[in-house]
Amino acid sequence: MMFEKGKRERRQGEEDKVFNRMLLWLAGAVVVELLLLLLQKAYVEMIFDAAVAQALASFFKVFSVAGAVAVAGCAVWAVMARRAGKPVILPAAIAAAAAVLWVVSLLSALFYAEGVRLLMLLPAAAAVLIIIFFLYQRPFFFNAMLTGGGLLALWLHQQYYMTHPRFITACIIGGVVVLVLAAVVALQLRKSDGKLGRFRVVPVESDYLMSFLTCAVTAVCMVLGLALGVAMSQYFIYALVGWLFAQAVFFTVKMM
């Protein structure tokens, strides 16, 4: 009896720790949303001074190119450090920060006010992914990220293809490449029981069929949306939303 009580207490303690970590990540998403709101006030609404907005515009224009170079350089640095047996935390952290700032710069420089409004939607999407990560199985988290990326690409195609066709086409092609790589990684994880090297990515009993289907469905929707035109993108957005809901039902049932 005492053993069962101690086991329940340990389980409750672990659940409390997970819940507290989730709250910290959600608080981080709120902070990012507030920073983006400040960016909108300074860059779009110019509540401080026109010189501040101009300085931000110049920075975004430069970093929309330099940021990609910085991320690539940090990736090379991390690979070289790993091969040399050195810690990769510093290059990985700098690469992540540079990647976030690059996305902010790229969208702000290309789309101006619309880009900032789009950026302000991302913390909300991140909050949903955080909840999925802590409450559901990890494969659902990765699948939701891939599906969400497809939804974003199709929405951008619907809204901005007519004014930025090359950029949107590059986004969709890049997204398809990411999906192919994700499918290759999922295949490798299935062969290695959920591990990449010594690092466990997903539990041993994970279901990989949904991951393969997610990559295929999302890629097909993106390619067909690009091929069939802007008017059809909305229907493929609905299809991906339906697929995401189907996955939520599937993984919820598996938890029962």
Side-chain angles (χ1 to χ4, degrees), residues 24-40 42-43 55-83 86-112 114-130 132-133 138 141-157 160 164 166-185 196 199 201 215 218 222:
L24 286 174
W25 279 97
L26 290 174
V30 172
V31 171
V32 172
E33 183 70 27
L34 292 175
L35 290 174
L36 290 173
L37 179 60
L38 180 62
L39 174 63
Q40 183 186 39
Y43 180 56
L56 287 171
S58 300
F59 173 79
F60 291 149
K61 185 176 180 180
V62 172
F63 205 80
S64 62
V65 177
V69 177
V71 172
C74 289
V76 172
W77 179 16
V79 171
M80 293 177 65
R82 183 176 179 81
R83 289 181 177 178
K86 298 179 180 179
V88 297
I89 295 177
L90 180 60
I94 295 176
V100 170
L101 191 55
W102 175 65
V103 171
V104 172
S105 299
L106 188 63
L107 292 178
S108 299
L110 279 177
F111 302 121
Y112 187 50
E114 285 292 328
V116 176
R117 279 194 283 270
L118 175 59
L119 286 169
M120 293 180 67
L121 295 176
L122 297 183
V128 174
L129 290 174
I130 288 167
I132 291 174
F133 179 82
R138 198 164 294 178
F141 169 73
F142 294 125
N143 292 355
M145 285 186 65
L146 296 173
T147 308
L151 283 168
L152 177 61
L154 285 171
W155 185 83
L156 288 172
H157 176 258
Y160 301 111
H164 299 85
R166 292 182 180 178
F167 174 75
I168 300 303
T169 301
C171 286
I172 292 179
I173 293 174
V176 172
V177 171
V178 170
L179 290 166
V180 172
L181 293 175
V184 172
V185 171
L196 285 179
F199 180 69
V201 180
C215 292
T218 307
M222 290 169 65

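Computation of the quantities below employed the complete heavy-atom set of this structure, encompassing side-chain atoms and omitting hydrogens, waters and symmetry-equivalent molecules.
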Residue pair Leu119 / Leu122, side-chain heavy-atom distance below 4.5 Å: yes
Going by the angle between their ring planes, with limits at 30° and 60°, are Phe63 and Phe59 parallel, tilted or perpendicular? parallel
Is it the case that more than 12 heavy atoms not belonging to Trp25 sit under 6.0 Å from its CH2 atom? no
Using modelled atom types only, decide if a donor and an acceptor are shared between the side chain of Trp102 and the backbone of Ser64 within a distance under 3.5 Å. yes
Does some side-chain heavy atom of Val79 sit less than 4.5 Å from a side-chain heavy atom of Val88? no
Using a 4.5 Å cut-off on heavy atoms from C-beta on, say whether the side chain of Met120 contacts that of Leu39. no
Considering residues at least two apart in sequence or located in another chain, which fulfil the ring pair (Phe, Tyr, Trp, His ring centres under 6.0 Å) criterion with Tyr43? Phe60, Tyr112
Qualifying residues under side-chain hydrogen bond (donor to acceptor under 3.5 Å, both in side chains), relative to Arg138, sequence neighbours excluded: none
Is there a side-chain contact between Phe111 and Arg117, using heavy atoms and a 4.5 Å cut-off? no
Here the gap from Met222 atom CE to Leu151 atom CG, rounded to the nearest 0.5 Å, amounts to 10.0 Å
To the nearest 0.5 Å, what is the distance between OG1 on Thr169 and CZ on Arg166? 9.5 Å
On a heavy-atom basis, the closest approach of Ala70 and Ala98 is CB-CB, 4.3 Å
To the closest 0.5 Å, what do you measure between CD1 (Ile168) and CG (Leu110)? 8.5 Å
Looking at OG1 of Thr218 and CG of Leu146, how far apart are the two atoms once the value is rounded to the nearest 0.5 Å? 6.5 Å
Would you check if Val30 and Leu26 make a side-chain contact, meaning some heavy-atom pair closer than 4.5 Å? no
Do other residues, nucleotides or ligands put more than 12 heavy atoms under 6.0 Å from Met145 CE? no
Do Phe133 and Phe142 come within less than 4.5 Å of each other through their side chains, counting heavy atoms only? no
Taking the side chain as every heavy atom from C-beta outward, state whether Val180 and Cys215 have any pair of such atoms under 4.5 Å apart. no
OG-NZ distance between Ser108 and Lys61, expressed to the nearest 0.5 angstrom: 14.5 Å
Has Ile89 got more than 12 heavy atoms of other residues, nucleotides or ligands less than 6.0 Å from its CD1? no
Show the nearest heavy-atom pair for residues Ile132 and Ala144, with the distance to one decimal. CD1-CB, 3.9 Å
Can you find a pair of side-chain heavy atoms, one from Leu156 and one from Leu118, that are under 4.5 Å apart? yes
